[in-house]
Amino acid sequence: MNRELTIDGHRIADDTDCYVIAEIGHNHQGDLDKARQLFQRAKECGVHAVKLQKRDNRSLYTAEMYDRAYDNENSFGRTYGEHREFLEFGRDEYVELQRTARDLGLTFFATAFDVPSADFLAGLDTPAYKLASGDLRNLPLLRHVARFQRPVIFSTGGASLEEVERAYDAIAAINPRIGILQCTASYPTEPEHLNLGVIETFRARFPSAVVGLSDHSNGIAMSLVAYMLGGRIVEKHFTLNHTWKGTDHALSLEPIGMQKMVRDLQRARIAIGSGVKQPLPIEASAITKMGKKLVAARPLPAGHVVEEADLAIKSPGDGLPPTELESVVGRRLLRPLDPDAALTLEILEPLTSSARA
């Protein structure tokens, strides 16, 4: 069974580069111009897609949570509801950002946190859908999004394998176009909590799904490890400034970090190579310089029968290699050799049939 997913015309499979999603979330701080800048810089970094988060706040939160006081350094409103509404983009902003992404050649989609948000994104004909770890148990939402018959990528933070299997089965029964991301719902995630080996577990358990990592760790190294383990999607938070107001900026990559991550992920695919161990043309010069050949250890007259003590092994390796030592011992020289002169098959008397035997 082929492990393959196509998003907006871009094929993702075991033999491709890693598909990199710049998770912008609400790092735009509710500012359309900042969102455009984030899209532009993400494109310059070489990512494949940019992603926002879409919430229908009134229907998503209980009245108690919506009206709860939210007084902290990262707040954009007096209550949690006001804070979330300040950060939320509506249809006009999404249409404008779709235009921006199209002009840049970027794929643009979003995480749907609820059914109204999923329908909102469907109305905009988004090319894919992301579902957050918190909705892994929200089977009605999973099935609702699956019915759009667009690629569905879901994160798996805080879940057991059995819960991931249940979510996968719910989607796969309707829509086979699935990506599964190993994720730890901790922000930031320390290395000891990443559990990247789960990527291999997912690949074995879900042979038709593309597997990847929603990476909340600091730095770029763990995304490279994920690729080497078979992850072909990496989602990484993205910002223009770590010091901006908001909880996600501190764990997000700035452009220089994102650019390096994309570069190194591309290098990783190339560096894996064919898996066939063989000499490469680019190695010839170094191997000749460092290699060894058989030479005369002292003056040897013509007619001399070569003994092992007559030979030395020296660089460069541009002559008969030491692997031929046993085949030359016992053979007669056809001409004299000076010290350090290279031994060649042409100056050795051919072996007789009896000698070969």
Side-chain angles (χ1 to χ4, degrees), residues 2-3 11-20 45-46 191 194 196-197 199-200 203-204 213 219-232 234 256-357:
N2 291 332
R3 188 191 305 277
R11 176 176 170 270
I12 311 166
D14 285 348
D15 62 347
T16 69
D17 282 332
C18 190
Y19 188 81
V20 179
C45 292
L194 284 168
L196 296 181
I199 291 171
E200 294 181 306
R203 284 175 56 85
L213 175 67
I220 65 176
M222 296 302 101
S223 290
L224 299 178
V225 175
Y227 184 85
M228 297 304 296
L229 291 171
R232 290 299 179 268
V234 164
I256 186 64
M258 184 66 79
Q259 187 175 32
K260 288 180 178 179
M261 188 185 79
V262 171
R263 177 202 66 190
D264 289 352
L265 284 168
Q266 292 171 346
R267 287 177 174 176
R269 180 187 63 80
I270 297 169
I272 290 172
S274 67
V276 177
K277 183 58 181 173
Q278 58 186 355
L280 301 175
I282 61 167
E283 297 178 294
S285 175
I287 292 301
T288 297
K289 180 180 178 181
M290 296 184 296
K292 308 294 191 297
K293 64 185 174 188
L294 297 175
V295 300
R298 56 177 178 267
L300 300 175
H304 179 75
V305 177
V306 177
E307 300 178 1
E308 187 171 344
D310 296 327
L311 303 175
I313 298 173
K314 295 187 178 184
S315 293
D318 57 355
L320 206 59
T323 52
E324 298 298 321
L325 177 64
E326 292 182 3
S327 71
V328 302
V329 170
R331 294 170 70 176
R332 195 177 304 276
L333 288 172
L334 299 177
R335 65 176 178 81
L337 286 179
D338 294 327
D340 280 352
L343 202 67
T344 66
L345 295 177
E346 289 74 21
I347 65 170
L348 291 169
E349 185 177 62
L351 287 171
T352 65
S353 298
S354 59
R356 290 191 185 96

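The chain is numbered in sequence order, starting from 1. What you see is a predicted model; the values in this text were computed from it and never measured.
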- Query: Between Arg335 and Leu337, does a side chain to side chain contact (heavy atoms under 4.5 Å, CB included) hold up when you go through it step by step?
  - Reply: CA-CA 7 Å; Arg335 65 176 178 81; Leu337 286 179; 4.0 Å; yes
- Task: Show your reasoning for whether side chain to side chain contact (heavy atoms under 4.5 Å, CB included) applies to Leu229 and Leu213.
- Result: CA-CA 10 Å; Leu229 291 171; Leu213 175 67; over 6 Å; no
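Panel note: side chain Arg232, backbone Arg3; no donor-acceptor pair is recorded below 3.5 Å. Listed for the Lys292 side chain is a donor-acceptor partner under 3.5 Å among the backbone atoms of Met290. A donor-acceptor pair under 3.5 Å is absent between the side-chain atoms of Arg331 and the main chain of Ile347, judged by distance alone. Between the Ser315 side chain and the Gly291 main chain, a donor and an acceptor come within less than 3.5 Å of each other. Thr16 contributes no side-chain N or O that, together with a main-chain N or O of Ile12, makes up a donor-acceptor pair within less than 3.5 Å.
Atom CG of Leu348 is separated from atom CG of Leu320 by 8.0 Å, given to the nearest 0.5 angstrom. In this structure, the separation between OG on Ser223 and CG on Asp264 is 10.5 Å, given to the nearest 0.5 Å. Between Met228 atom CE and Glu200 atom CD the span is 11.0 Å, to the nearest 0.5 Å. Atoms CG and OG1, on Leu334 and Thr344 in that order, are 9.0 Å from each other to the nearest 0.5 Å. Rounded to the nearest 0.5 Å, atoms CD (Glu324) and NZ (Lys293) are 15.0 Å apart. Within the model, atoms CZ of Arg269 and CG of Leu265 stand 11.0 Å from one another, a figure rounded to the nearest 0.5 Å.
Taking the side chain as every heavy atom from C-beta outward, Val20 and Met258 approach each other to under 4.5 Å. Within the 4.5 Å cutoff, no side-chain heavy atoms of Leu311 are placed close to those of Val295.
Considering all non-hydrogen atoms of both residues, Val234 and Cys18 come closest at CG2-SG, 3.5 Å. Here the closest non-hydrogen pair linking Ala297 and Ala309 is CB-O, 4.0 Å. Tyr227 approaches Ile272 most closely through the heavy-atom pair CE2-CD1, 3.8 Å. A pairwise comparison of heavy atoms in Gln278 and Glu283 identifies O-OE1, 4.1 Å as the closest pair. Between His304 and Asp310, the shortest heavy-atom distance links the atoms NE2-OD2, 2.7 Å. Closest heavy-atom contact between Ile199 and Gly230: CG2-C, 4.1 Å.
Atom CD of Glu326 has 12 or fewer neighbouring heavy atoms from other residues, nucleotides or ligands inside a 6.0 Å radius. Under a cut-off of 6.0 angstrom, the local environment of CD1 in Ile270 is crowded, with over 12 non-hydrogen atoms contributed by other residues, nucleotides or ligands. Within a 6.0 Å sphere centred on CD of Glu308, other residues, nucleotides and ligands contribute 12 heavy atoms or fewer. The number of heavy-atom neighbours closer than 6.0 Å to CZ of Arg263, taken from other residues, nucleotides and ligands shown, is above 12.
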